[in-house]
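The analysis underlying the following values was restricted to heavy atoms, covering all of them including side chains, and did not include hydrogens, waters or symmetry mates. These numbers were taken from a predicted model, which means no experiment stands behind them.
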Amino acid sequence: MPLLEKPDSPRFSYRDKDGFLCCSRFRFLNDALNSSILMLLEKANRLRLRYATAIHSGVWSGIAAFTAPALEIISVPVLAHALGVHNYGIYVLVVAYAALGAVINPGLSFATMKRVSECHATDDLQSAARYIQAALAILFFVIAISLSVLFLGMEKIASWMFDPGTTTVDPSFLMWIVAILTACIQTDGIYSFALKGAERFKLVGHFELVARTLVIVAVCGVALYTKSIIPTLVTFCAGNAGLVVCRIIVAARIFGAGIVLPRIDKTYFSSLLGFGVWMWLQNLAGILVNVVDKIVIGKMFGPASVGRYNILLMIAQLVHFVPANLLSFVMPMISKRNSLGELMSKKTFSKIVLLVFLISAGMSTAIWILDASGLLQKIFSLQAGEDGYILFALTLCYFIMAMHVPAFFLLLGIGKSRRVSMTTIFSSIVGLASLPFLLQQFDMLGAAYARYFYAFAALSLYVNLNAQLKK
């Protein structure tokens with residue numbers, strides 16, 4: 001064997017198509033590099049296709065959910081300045097009572113989303129539309145009964161909800177505003193959650209961003225122009241009614257025009273209420289945690305105090321609200337996969353928990369830094385000292401609450417609504433029972449302490465959760 005091969009040896013070199021002599025070793029390296037790059041690009045494309053839907057859904061779900069609270073926070077300085085602290089407190093109470101009206105809804109929004117997501121898995125739009133119609137029939141029946149009771153006891157109910165001694169507006173007028181807002185919010189919830197069940201998160205995100213912005217801009221504009229609470233509330237009420245009409249038009253383009261009409265069907269009623277009743281308990285727990293303390297504070301300390309507390313609460317809630325709504329797309333996706341016999345892996349679930357932790361920790365730290373710098377006091381006219389303590393306690397509480405979000409959506413997605421509801425309703429009742437005592441001992445700081453019962457109890461959702469995950 002020769003010590004040195006000839007330059008044109010077949011084993012050492014080759015000639016390309018243009019006749020140039022090329023080293024075969026360089027060709028091997030070039031081919032290996034090209035092969036590696038192609039493998040990396042292929043792997044990246046597989047990852048993009050695998051997670052594109054989740055990322056896309058998460059982003060638009062977050063935009064849809066974050067729009068309302070963000071606009072509400074932005075509007076606080078405007079409304080408080082235009083209406084005055086007292087009238088702004090009345091505005092907060094009206095919105096709180098409208099949210100309390102969710103107690104009449106037997107969990108129809110979440111139930112509709114779950115059933116629609118199951119129909120979406122098999123592309124059965126006809127059944128999805130019938131679930132929406134059945135949900136409307138149940139809701140309208142409940143609203144009719146509620147309005148009848150309200151009409152019969154209007155004066156007594158209105159006087160109890162809005163004390164004539166501390167309210168500058170006719171309590172009966174405020175009561176009708178609450179009733180109309182409640183009907184609009186609950187009706188809108190069915191169509192909104194139906195669109196989420198069909199995984200139309202981008203459509204919902206666009207709608208929320210445009211519609212909510214127009215409503216808040218109109219409310220703030222009227223408040224600045226009139227300086228009066230009555231036209232401001234009327235504008236807010238009319239804006240929500242218009243939002244419902246637009247939402248129906250959007251949903252009808254997907255599910256058909258028939259979803260506008262209620263439909264009586266025992267089979268669909270049973271399916272909705274079977275899941276919805278337990279979600280009603282979950283909604284009741286949320287009302288007890290997020291609404292009742294505002295009403296109690298308003299009764300004990302007056303509208304001005306509830307206005308201050310509401311500002312602190314809205315800021316702190318972002319710690320829980322942002323990750324919860326970024327992940328709200330998880331429930332219909334899990335429900336869809338569960339109907340096909342698929343389970344989420346422990347590795348994927350661990351990544352979701354870590355993501356929630358990082359988001360919540362980052363937001364909590366940002367709020368505390370802004371509070372320490374005095375920026376929040378200047379923007380929202382907060383009081384130094386007491387308000388700072390309340391904000392710190394509320395932020396920490398909502399950080400703890402945020403950590404139960406992954407378990408919450410996973411259990412709902414696989415149909416374990418009973419377990420979720422029993423846990424949250426029990427902790428909410430305990431927190432509510434302690435609220436009067438804590439308020440007497442710690443003033444408004446006691447309302448923050450009462451929320452810790454719910455926060456810590458909600459973490460128990462992780463118990464036995466491993467049985468619902470695949471390895």
Side-chain angles (χ1 to χ4, degrees), residues 52-54 56-57 60-61 64-65 104-144 183-208 211 243-280 282-283 328-343 409 412-417:
T53 301
H56 183 270
S57 300
W60 284 109
S61 177
I104 68 172
N105 185 337
L108 293 174
S109 297
F110 268 102
T112 302
M113 180 170 68
K114 179 168 176 59
R115 300 310 178 203
V116 169
S117 67
E118 292 171 350
C119 296
H120 179 61
T122 57
D123 293 325
D124 189 359
L125 286 179
Q126 185 177 7
S127 294
R130 288 179 178 177
Y131 274 117
I132 298 171
Q133 291 176 300
L136 278 181
I138 298 172
L139 180 63
F140 288 172
F141 176 74
V142 174
I143 289 176
C184 290
I185 292 171
Q186 299 311 312
T187 304
D188 180 66
I190 289 178
Y191 290 105
S192 176
F193 276 72
L195 290 170
K196 292 178 182 179
E199 299 184 17
R200 302 301 179 101
F201 298 104
K202 183 177 181 179
L203 178 62
V204 175
H206 279 137
F207 183 88
E208 290 290 325
L243 189 147
V244 174
V245 174
C246 294
R247 181 95 67 181
I248 292 173
I249 295 172
V250 171
R253 294 181 60 186
I254 297 171
F255 300 104
I259 61 170
V260 178
L261 302 174
R263 180 188 179 93
I264 300 175
D265 192 311
K266 293 182 180 179
T267 303
Y268 288 92
F269 285 174
S270 177
S271 181
L272 287 169
L273 294 175
F275 183 85
V277 166
W278 294 109
M279 286 312 303
W280 174 77
Q282 166 61 28
N283 291 339
S328 63
F329 73 95
V330 169
M331 180 192 162
M333 292 182 69
I334 292 176
S335 179
K336 178 181 176 180
R337 295 179 63 179
N338 186 62
S339 65
L340 299 174
E342 301 176 6
L343 292 177
F409 282 119
L412 289 184
I414 60 178
K416 304 294 182 180
S417 58

**Request:** Please round to the nearest 0.5 Å and tell me the distance separating atom CG of L272 and atom CD1 of I190.
**Result:** 8.5 Å

**Item:** CG on L125 to NE2 on H120, rounded to 0.5 Å
**Value:** 8.5 Å

**Prompt:** Which pair of heavy atoms, one from S109 and one from G189, lies closest together, and at what distance?
**Reply:** OG-C, 3.5 Å

**Prompt:** Hey, does the side chain of S127 reach the backbone of D124 with a donor-acceptor pair shorter than 3.5 angstrom?
**Reply:** no

**Message:** I'd like to know if the side chain of T122 and the backbone of C119 have a donor-acceptor N/O pair within less than 3.5 Å.
**Reply:** yes

**Fill in**
Here the pair of heavy atoms bringing V116 nearest to G197 is CG1-C, 3.8 Å

**Item:** V250 backbone acceptor or donor facing Y191 side chain under 3.5 Å
**Value:** no

**Contacts of type side chain to side chain contact (heavy atoms under 4.5 Å, CB included), residue I254, not counting sequence neighbours** = L195, R200, L203

**Item:** Pairs meeting criterion salt bridge (Lys or Arg N to Asp or Glu O under 4.0 Å) with involvement of residues 244-259, two or more places apart
**Value:** D188-R247, E208-R247

**Prompt:** Backbone N or O of G258 within a donor-acceptor pair of the Q133 side chain at under 3.5 Å?
**Reply:** yes

**Complete:** For F255 and A194 the tightest heavy-atom approach is CZ-O, 3.6 Å

**Prompt:** Atom CD1 in I248, atom CD1 in I132: separation rounded to 0.5 Å?
**Reply:** 11.0 Å

**Item:** Cation over ring face, K266 and F269, 6.0 Å, 45°
**Value:** no

**Asked** Is there a donor-acceptor pair closer than 3.5 Å between any side-chain N or O of R115 and the backbone N or O of S271?
**Response** yes

**Message:** I'd like to know whether I185 forms a side chain to side chain contact (heavy atoms under 4.5 Å, CB included) with V244, so could you lay out the CA-CA distance, the side-chain angles of the two residues, the decisive distance to 0.1 Å, and finally the verdict.
**Reply:** CA-CA 8 Å; I185 292 171; V244 174; over 6 Å; no

**Item:** Between NZ on residue K114 and OG1 on residue T112, distance to nearest 0.5 Å
**Value:** 12.5 Å

**Pairwise distance CG(L139) to OG1(T187) - rounded to 0.5 angstrom** = 5.0 Å

**Request:** Nearest 0.5 Å please: distance from the OG atom of S117 over to the CZ atom of F193.
**Result:** 12.5 Å

**Request:** Could you pull out all residues at least two apart from D265 that satisfy side-chain hydrogen bond (donor to acceptor under 3.5 Å, both in side chains)?
**Result:** none

